[in-house]
Amino acid sequence: MATVAKTKVIDSDAHVIESEHTWDYLLPHEERFRPTLFINPDNPNQGHWVIGGKVRGHRNATPTQEQLRRLSAQVGRELVSTQDSRELSDVSQRLQHMDELGIDIQVLHNTMWIEPVTDVPEADVALCGSWNRWMADVWQQAGGRLRWCAVMPTLDIEAAVDQIRYAKEHGAAAIALRPLELGKTLVDPYFYPLYAEAERLGLAVAIHISNGSSAMIQTLRSPYDRTGGFTPFRIPTVMECGVIMVSEVPERFPTLRWGFVEASSNWVPWIVREVRQRFIARNLGAPPENVLKHFNVYVTCEISDDIPFVLKHGGEDNILIGTDYGHTDVSSAMNAIQVFQEMDDVSDEAKAKILYDNPRALYGL
């Protein structure tokens, strides 16, 4: 099997699992919004957050021994992460594990905001602020090796803009938005102040699989999808990529960079074709030769994807890869970097771009 020459590696999709420590960064007047952790007594490995008297965020709690055995059997002991590493209560453990995995930098995404968290603006501001201050502390402890995507209190756009400024000053690489927020798609002018500030500060917009609409989650969720994430979370993320590229948003914010994370990448050729067809149908001139590059769009691939096919249609400059570190769902592949490096149907040049150059460009590292 071919192996890429030694290059720096950026894990474009890593996670942190929120813990009770996360909320120690609430401001004194915000303590009333502190979430309470609920652990299922029938299954101690399942946890949820109770916020405002309602069960809200899924915690993605400690993996079972069976899950750990399955993961470690893929490659070896380096696949078994510790709870302190997943929750970043011991940043040094995460950095040591990254060294074992051959990862130089991880870009951290949240776990709790995959679904709606609150419908109270003051609580939204408080919880996002606490999480962002927590990540700022982690970034400082990690000496720049752990960058992060700031969660946005979209119920209060003015406060969200303020948090973007804080995030930029404290190690954030992007702002995190869900493909559906407050019953709106991301091309709604409501979000323009966020885009303007992110563009001004050079931050990307990271759209990780998620859904900010409780009603749409219930509509899209299938009783036959045991993992529960394909239709309510992945499909809206793919949809939003196409929606943004055929909207006025890229023209209004021409240097804003967009990352679509953990939705795999096999859909890229389809979306590229659809966008090109709409250029022709709307008499917008010749379609761009490289659609993703034209719109500053980046997409994370997974090792189960047909990566040569994706690169053929999407180009080599806008595809990234991540491990989903910290999670144990179907998207998680802690050995993704090693497996990708050993692929013999992707050139060394493309590997170097996907592992380092492209995430560095997206996240402005």
Side-chain angles (χ1 to χ4, degrees), residues 1-14 74-75 78 98-107 109 144-145 147 173-174 202 204-208 238 241 245 250 254-273 275-276 286-325 331-365:
M1 290 182 289
T3 302
V4 68
K6 177 61 179 175
T7 185
K8 288 187 175 181
V9 172
I10 298 172
D11 182 352
S12 298
D13 177 24
Q74 294 179 43
V75 173
E78 70 270 16
M98 287 165 57
D99 290 339
E100 294 174 6
L101 294 167
I103 296 169
D104 295 281
I105 296 172
Q106 283 188 331
V107 179
H109 297 263
R145 292 186 64 189
R147 306 297 296 271
V205 177
I207 303 170
H208 189 283
V238 175
C241 182
M245 288 196 287
T255 64
L256 190 58
R257 305 181 303 279
W258 305 85
F260 294 85
V261 182
E262 206 180 306
S264 77
S265 65
N266 276 336
W267 50 270
V268 165
W270 172 43
I271 292 294
V272 165
R273 177 178 176 273
V275 171
R276 284 182 174 148
E289 183 176 345
N290 187 320
V291 170
L292 298 186
K293 195 168 188 177
H294 179 82
F295 289 104
N296 300 320
V297 165
Y298 296 79
V299 179
T300 58
C301 68
E302 297 178 0
I303 54 176
S304 59
D305 290 343
D306 186 345
I307 295 177
F309 180 65
V310 172
L311 297 179
K312 176 183 176 181
H313 294 273
E316 296 181 352
D317 297 327
N318 295 74
I319 303 300
L320 327 167
I321 194 165
T323 62
D324 199 35
Y325 187 106
S331 300
S332 180
M334 205 180 296
N335 62 334
I337 302 302
Q338 178 180 338
V339 172
F340 177 71
Q341 287 173 325
E342 294 175 350
M343 288 182 176
D344 56 13
D345 52 358
V346 179
S347 71
D348 281 1
E349 181 182 6
K351 288 176 181 177
K353 289 181 178 181
I354 291 168
L355 289 169
Y356 185 71
D357 296 338
N358 299 347
R360 185 168 178 247
L362 167 63
Y363 291 119
L365 305 181

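- Checked against Phe295 for a side-chain contact (heavy atoms from CB on, under 4.5 Å), the options Asn290, Val275, Asn318 give a single hit: Val275.
- At least one side-chain heavy atom of Gln341 sits under 4.5 Å from a side-chain heavy atom of Leu355.
- Asp99 is listed as a side-chain neighbour of Arg145, based on a closest heavy-atom distance under 4.5 Å.
- Looking at Asn358, its side chain does come within 3.5 Å of a backbone N or O of Glu316 through a donor-acceptor pair.
- Summarising the geometry, atom CH2 belonging to Trp270 is positioned 10.5 Å from atom CZ belonging to Arg273; distances are rounded to the nearest 0.5 Å.
- Within the 3.5 Å criterion, the main-chain N or O of Asp317 finds no donor-acceptor partner in the side chain of Asp357.
- Two residues are said to be in side-chain contact when any heavy atoms from C-beta on lie closer than 4.5 Å; Tyr325 and Gln106 meet this criterion.
- Using a 4.5 Å heavy-atom cutoff, the side chains of Asp348 and Lys351 are in contact.
- The aromatic rings of Trp267 and Phe260 sit perpendicular, their planes meeting at an angle over 60°, well past the 30° parallel limit.
- For the residue pair Asp13 / Thr300, no side-chain donor-acceptor distance below 3.5 Å is found, with atom types taken as modelled.
- Judged by distance alone, with hydrogens and angles left aside, the side-chain atoms of Asp305 form a donor-acceptor pair with the main-chain N or O of Ser265 at under 3.5 Å.
- Here the shortest heavy-atom pairing between His109 and Ser12 reads NE2-O, 3.2 Å.
- Closest approach of Ile303 to Ala336, counting heavy atoms only: CG2-O, 3.6 Å.
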Full working for side chain to side chain contact (heavy atoms under 4.5 Å, CB included) between Val261 and Val107: CA-CA 11 Å; Val261 182; Val107 179; over 6 Å; no
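- By the neighbour-count criterion of 12 heavy atoms within 6.0 Å, atom CZ of Arg276 is densely surrounded, having more than that number from other residues, nucleotides or ligands.
- Considering all non-hydrogen atoms of both residues, Ile271 and Cys241 come closest at CG2-SG, 4.4 Å.
- Counting only heavy atoms from C-beta outward, the side chains of Leu362 and Leu320 approach each other to under 4.5 Å.
- In this structure, CD in Glu302 is found 6.5 Å from CD in Glu262, a value given to the nearest 0.5 Å.
- Side-chain contact check for Thr323 versus Ile103: some heavy-atom pair is nearer than 4.5 Å.
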Evaluate the side chain to side chain contact (heavy atoms under 4.5 Å, CB included) criterion for residues Ile337 and Leu101: first the C-alpha distance (whole Å), next the side-chain angles of each, then the deciding distance (0.1 Å), finally the verdict. CA-CA 8 Å; Ile337 302 302; Leu101 294 167; over 6 Å; no
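- Side-chain atoms of Tyr363 do not come within 3.5 Å of backbone N or O of Gly259 as any donor-acceptor pair.
- Taken to the nearest 0.5 Å, the CG atom of Asn266 stands 8.5 Å off from the CD1 atom of Ile307.
- Among all heavy-atom pairs drawn from Gly322 and Asp11, the shortest one is CA-OD1, 3.2 Å.
- Counting only heavy atoms from C-beta outward, the side chains of Leu292 and Ile319 approach each other to under 4.5 Å.
- Checked for salt-bridge contact, Lys8 and Asp104 miss the test: no charged N lies under 4.0 Å from a carboxylate O.
- With hydrogens and angles disregarded, a donor-acceptor distance shorter than 3.5 Å links the side chain of Arg257 to the backbone of Gly202.
- Cys301 places a side-chain heavy atom less than 4.5 Å from the side chain of Ile321.
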